[in-house]
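Taking it in order: structure first as structure tokens, then the write-up.
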Amino acid sequence: MKVSSVFKLGTVATFSAILLAACGSSSSSTSQAKDQTLNWMEASALPTMDPSKATDVVSGETINNTSQGLLKFGKDSKTYPGVAKSYTKSKDGKTYTFNLRKSKWSNGDQVTAKDFVFGWQRTVNPKTGSQYAYLYGDVQNANAVMKGKKPVSALGIKAVGNYKVVVTLTHPVSYFPTLVAQTSFFPQNKSVVTKLGKKYGTNAKNSVYNGAFKLTYWTGTSDNWTLSKNKNYWDAKNVKLQHVKFNTVKDPQTALSQYQSGKLDATYLSGQQPKNYKSSKNYYSRNGSSIAYIELNQRKDTMLKNKKARQALSMVINRDQFVNKVLDDGSKVPTGFVTTGLAVRNGKDFAKEAAVSSATDYNLAKAKKLWNQALKETGRKSYALTLLADDTPVGKSTTEYVQSQWSKLPNFKVTNSNLPYKTRLARSASHDFDAVVTLWGADFPDPITDLSLFTSDASYNNGGWKSATYDKDIKDATTTNANNPAKRWQNLVDAQKTLMNDQGVIPIYQPGKPQLVKSNVKNLVYFPVSSNWDFSKTYIANK
């Protein structure tokens, strides 16, 4: 790497326009419809618009389209210009300097370097309670700030004037540009946040936006919300959509009916629907980088602390049957926790290289044997637990199937509890569960985005699984070997093998994302990681 290698984002932007156009079946000669409204669906309601507190895809998707960070994701999870028009990296890889363009918030205030400093400091401030603060761990002094040992002002970010942001890392981080494209690294307007206090991000009015759109309707509890074009956005002249209307539709058949009647421009498919529509010209099978898994609360329960019990609970699940007979939507049987296709080095897929077959294989006889041994070792004759999940169709299908499989284990009673998404998230975060079906989506294309979840002190390690060996491998990958790709890769391979051999969590499936999109919806930009969608280039063509 050359000293102060400059990444010419203006040049990349020109190239990205070609990539974005290729993402949808668009044509420069296609005429635009008079009504530039995109009608979009989600299976769950919007939980929050606070970028420091958002943890879910629905919030991330909405925030990503109403606000913008230094960089932004585009097709194939590559980064493109955001508020930063260019940036440089020091020779040692520890200092990034971002040069900002002049842009405005939706209320007319200037977006400045100070907004990034405030937003980053607020997210790592332990008083904020951000579950995503751990993503800042490589920024200088971030861990000390998060532990309350240093003030937020010690965080390795500073504003040089109004339009230059300088970030100092504790060590080189090859994927750092993809980190700053995350919603949790977005700028925040200090005067607005301070004025609103706890109300910030709780409804459409209690926020301010610097992205292509602004949120103009959302009560904070409503099942629908509306984005409208933000005239103050720096690239507003190239934003075609006037509105994006989100609707929460939990039932797949209802969503399909609304799509067919013209109430929705796109719909996700599940159950038998993908099989019925695979030949349609409007059918898309999106590649995903998310993993559905079961987290077991090992904090107090001696049964769930027992390795043989965890192995039995995993081994008794016939994933191949579940994926192909129950879901039948393009989902895959996982090889571990890191998803297939997320990270490749020297032509080798991490998921395959770090696979532990026993962690996802089906073996009923061995599962029963291990379960009986676990009962004996923990002094039990029987065991019962409640399996928690979302109240969505796929959430219910998952708990019903897992319950049927787990019930094959001797003297074991399983009760299902399917709750609204927001409630289930809160229960998970407060460790109020026995076992919970949850979904994790990769934030950036590197195995660490998944594996960092399960270090002993990680905020997302809700089940409380611990391993000193695992912690050391993750630490070495992010510090000692951060600048040695081969050794870093091996650290991460070893870490996943430790997690899977100990069955710290139970991967169930890698979700497919089958979707129908009306042919007159052009330039949809999808990326497998993070918040998935960018509507800033989308438009509705005449039919």
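This is a predicted model, so every value here is computed, not measured. As a basis for the values below, the full set of heavy atoms in this structure was taken, side chains included, without hydrogen atoms, waters or symmetry mates.
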Side chains of residues 352-365: which donor-acceptor partners sit under 3.5 Å, not counting sequence neighbours?
from	atom 1	to	atom 2	distance (Å)
Glu353	OE1	Trp489	NE1	3.1
Thr360	OG1	Pro334	O	3.3
Asn363	OD1	Lys366	N	3.0

Atom pairs and distances, side-chain donor-acceptor, residues 376-383, under 3.5 Å, sequence neighbours left out:
from	atom 1	to	atom 2	distance (Å)
Glu377	OE1	Asn306	ND2	3.0
Glu377	OE2	Lys308	NZ	2.7
Thr378	OG1	Ala374	O	2.8
Thr378	OG1	Leu375	O	3.3
Thr378	OG1	Arg380	NH1	3.3
Arg380	NH1	Thr302	OG1	2.9
Arg380	NH2	Thr302	OG1	3.3
Tyr383	OH	Asp301	OD1	3.4
Tyr383	OH	Asp301	OD2	2.6

Are [X] and [Y] close enough that some pair of their side-chain heavy atoms sits under 4.5 Å apart?
| X | Y | value |
| --- | --- | --- |
| Thr254 | Ser257 | no |
| Trp225 | Val58 | yes |
| Asn532 | Val57 | yes |
| Tyr421 | Asp391 | no |
| Ile294 | Ile508 | yes |

Legend entry - Face-on cation placement of Arg286 at Tyr526 ring, 6.0 Å and 45° thresholds: yes
Inset, instruction - Enumerate the residue pairs fulfilling salt bridge (Lys or Arg N to Asp or Glu O under 4.0 Å) with a member in residues 129-139, sequence neighbours excluded, ordered by first and then second residue. - result: none
Legend entry - Partners meeting side chain to side chain contact (heavy atoms under 4.5 Å, CB included) with Ser467 (sequence neighbours left out):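 Applying side chain to side chain contact (heavy atoms under 4.5 Å, CB included) to Ser467 gives Trp465, Thr469, Tyr470, Thr498.
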Inset, instruction - Let me know which of Thr398, Ile317, Ile291, Val333 forms a side chain to side chain contact (heavy atoms under 4.5 Å, CB included) with Tyr509. - result: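 For Tyr509, the side chain to side chain contact (heavy atoms under 4.5 Å, CB included) check succeeds only for Thr398.
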Inset, instruction - Determine which pairs satisfy side-chain hydrogen bond (donor to acceptor under 3.5 Å, both in side chains) with at least one residue from residues 338-347, sequence neighbours left out, and list them in order. - result: none
With a cut-off of 3.5 Å and sequence neighbours excluded, list every side-chain donor-acceptor pair involving residues 177-188.
from	atom 1	to	atom 2	distance (Å)
Thr178	OG1	Tyr175	O	2.6
Gln182	OE1	Ser530	OG	3.2
Gln182	NE2	Thr178	O	3.0
Gln182	NE2	Asp443	O	2.4
Gln188	OE1	Arg122	NH1	2.9
Gln188	NE2	Ser52	OG	2.8

